[in-house]
Protein chains: 2
Amino acid sequence: MIREKRFELIRGELAKKGIVEGDDLAARLQVSRATIRRDLDQLEEEGLLIRTHGGAQVVDSLVELPYHSKLVAYMQEKRAIGLCASQMVPEGSVIGCTGGTTVMSVIKYMKGKTVTVVTNAINIAMELASSESTQVIVTGGAMRTRSYELVGHIADRTLDELYMDIALLGIDGLDLVRGISTYTMQEAHTASLYVNHAERVWVVADHTKVGKIAPALIAPIMKVHRLFTDPGLSPELRSELEAIGMEVVIAEM
Amino acid sequence: MIREKRFELIRGELAKKGIVEGDDLAARLQVSRATIRRDLDQLEEEGLLIRTHGGAQVVDSLVELPYHSKLVAYMQEKRAIGLCASQMVPEGSVIGCTGGTTVMSVIKYMKGKTVTVVTNAINIAMELASSESTQVIVTGGAMRTRSYELVGHIADRTLDELYMDIALLGIDGLDLVRGISTYTMQEAHTASLYVNHAERVWVVADHTKVGKIAPALIAPIMKVHRLFTDPGLSPELRSELEAIGMEVVIAEM
DNA sequence: GTTAAAATGAACAAAAATGTGCAGAAAAAT
DNA sequence: ATTTTTCTGCACATTTTTGTTCATTTTAAC
């Protein structure tokens, strides 16, 4: 077993679990603890992980891009939502997802999970390219300028022939009466296909989106089974949503 | 067991597993470790892999860090080929392209041109995402691990309904008798669809690919209208290719 | 706060892999 | 067929990597 092989497995394990134990790795890879320590030291130097006593943990990927993170609103909240939602995805399931920053934060925590991801967003696909265990299917379609989402009849047709366990949607508005919505018609249309071809619909959105209505409607509110949001959601809105049968998951930070 | 045979197996193994062990290869190929070491040295010089203690690993095309870029084989040549080929693309044309580092270097010079790019490689699509004037159509399909290319029936069907002015292909082998070829069957199949749905076929490849045969055939040599390569191409090979009607463009550096 | 268990870093020895020179074998050119 | 060139295997000195030991630090429990 050469070093690079070990590195690969350590990286994989780290992506999957977020934390690795030195003893566990030593046993699994059939090398001494000293070797594992040295491996972890090197990987830390490369910036791939942070050493802890007894093992190592993933470097918070959102910290590595400090100047980008400022550009994204509600960064912390989105990260918490991402972690929380990803943990509730069962291994082996098929997940369809749109683009958007909140969905992206879920995907970041999905690396290493053995799931199939169907997406029309190429940045999501790129993010998962390095994950061995994740099967990625891209819908295809025309790329909207200044966005990474693929839309149009090619995307439609591909989604038409797929069925997913979970549709994971990022949205711009969620309203009790008008349902879920976004800013452009094309994206709304594509998102609605995910809704119609999935067993369950999960929406991820920071609390500012709840109660808002964006121009392009995706689906009625009853289609949404579960909402992941942050603690900023007002208790009244939460109660109203739960009253109509929606499961509201608050991601603690 | 001649050297080229070994190279072929090593490349194949590398494409499949990403990491190879020297001992393993020596046993499999029935040669001494010293020979394997020399083989790996040479393949490293060609930029196909990176030597490590105990073996070698693929050039991590997934990590586009600047220091890795030096390790891309024949960097200078590819840049020259990219510039040269991009200048010969007429405005307004529809170009279909596969993945691969040489094609990528053409695409880098294509930004800002008013062309339509059809591709099954998401890294190509990402590269063009920032270009306002370029219309991008992604075929869709299943993403191959360790590569950015989309393959399978979704990709096939999309390509079936498109027609392109130019098919721009990156290849691993171009031979007078066996035609153009690559390492994996799936990519070869997808590439062949570009050939069949394009008015003209352009191949971009550094001179080391000319005269080589890779295992998976894409198309017969007569289908190729134009080859862009670097000054390293031997005059004999050039004459032979031109004798059968191929246009050979040498990109000066 | 004290103590026991676990993990760490450092030093050193053992093991594995490397590069190089050289002789013989294979292939190519004449 | 013979010469020339290239390639391969082997031996050996060197470098890199790994395992072991042990004093020290950290963690967790009491």
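For the numbers below, each heavy atom of this structure counts, side chains included, while hydrogens, waters and symmetry mates do not. Labels below follow one simple rule: chain letters A, B, ... track the order of the sequence lines, proteins then strands, and each chain is numbered from 1. Because the structure is predicted, anything quoted here is derived from the model rather than measured.
Residue B:E187 comes nearest to B:S147 through the heavy atom pair OE2-OG, 3.9 Å, listed as atom of the first residue, atom of the second, then distance. Minimum heavy-atom separation, A:V103 to A:G170: CG2-N, 3.3 Å. Heavy atoms only, all atoms of each residue included: A:L40 and A:I10 are closest at CD2-CG2, 4.0 Å.
Qualifying side-chain hydrogen bond (donor to acceptor under 3.5 Å, both in side chains) partners for A:S131, counting only residues two or more places apart in sequence or in other chains: A:T134. Listed by chain and residue number, nothing satisfies the side-chain hydrogen bond (donor to acceptor under 3.5 Å, both in side chains) test with B:S86 (two or more places apart in sequence, or in another chain). Under the rule for a side-chain hydrogen bond (donor to acceptor under 3.5 Å, both in side chains), the partners of A:E91 that lie at least two apart in sequence or sit in another chain are A:T114.
Ranking D:dT18, D:dT17, D:dC10 by closeness to the A:R6 side chain, first place goes to D:dT18. The side chain of B:T35 lies closest to D:dT8 when the candidates are D:dT8, D:dC10, D:dT17.
If you take CG of B:L40 and P of D:dT8, they are 13 Å apart, rounded to a whole angstrom. For the pair B:R3 CZ and D:dT6 P, the interatomic distance rounds to 11 Å; values are reported in whole Å. Atom-to-atom, CZ of A:R37 to P of D:dT26 comes out at 15 Å; the value is rounded to the nearest Å. At whole-Å resolution of the value, CZ in B:F7 and C1' in D:dT6 are 13 Å apart.
Within the 4.0 angstrom heavy-atom criterion, base atoms lie near A:R38.
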Donor-acceptor list for residues 211-229 of chain B side chains, cut-off 3.5 Å, not counting sequence neighbours:
from	atom 1	to	atom 2	distance (Å)
B:K212	NZ	B:T208	O	3.1
B:H225	ND1	B:V201	N	2.8
B:R226	NE	B:E247	OE1	3.2
B:R226	NE	B:E247	OE2	3.3
B:R226	NH2	B:E247	OE1	3.3
B:R226	NH2	B:E247	OE2	3.2
B:T229	OG1	B:A205	O	2.7
B:T229	OG1	B:H207	N	3.2

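First and last contacts of DNA chain C with chain A, using any nucleotide atom under 4.0 Å from a protein heavy atom and ordered 5' to 3', fall at C:dA7 to C:dG9.
Open room surrounds OH on A:Y148; 12 or fewer heavy atoms of other groups in view lie less than 6.0 Å from it.
Looking at which nucleotide of DNA chain D each of A:H53 and A:D39 is closest to, the 5′-most match is held by A:D39.
Annotation: proximity of residues 23-31 of chain A to DNA chain C (heavy atom, distance under 4.0 Å) is found for A:D23, numbered in ascending order.
Just one residue in the list B:T139, B:L159, B:T98 forms a side-chain contact (heavy atoms from CB on, under 4.5 Å) with B:L193, and that residue is B:L159.
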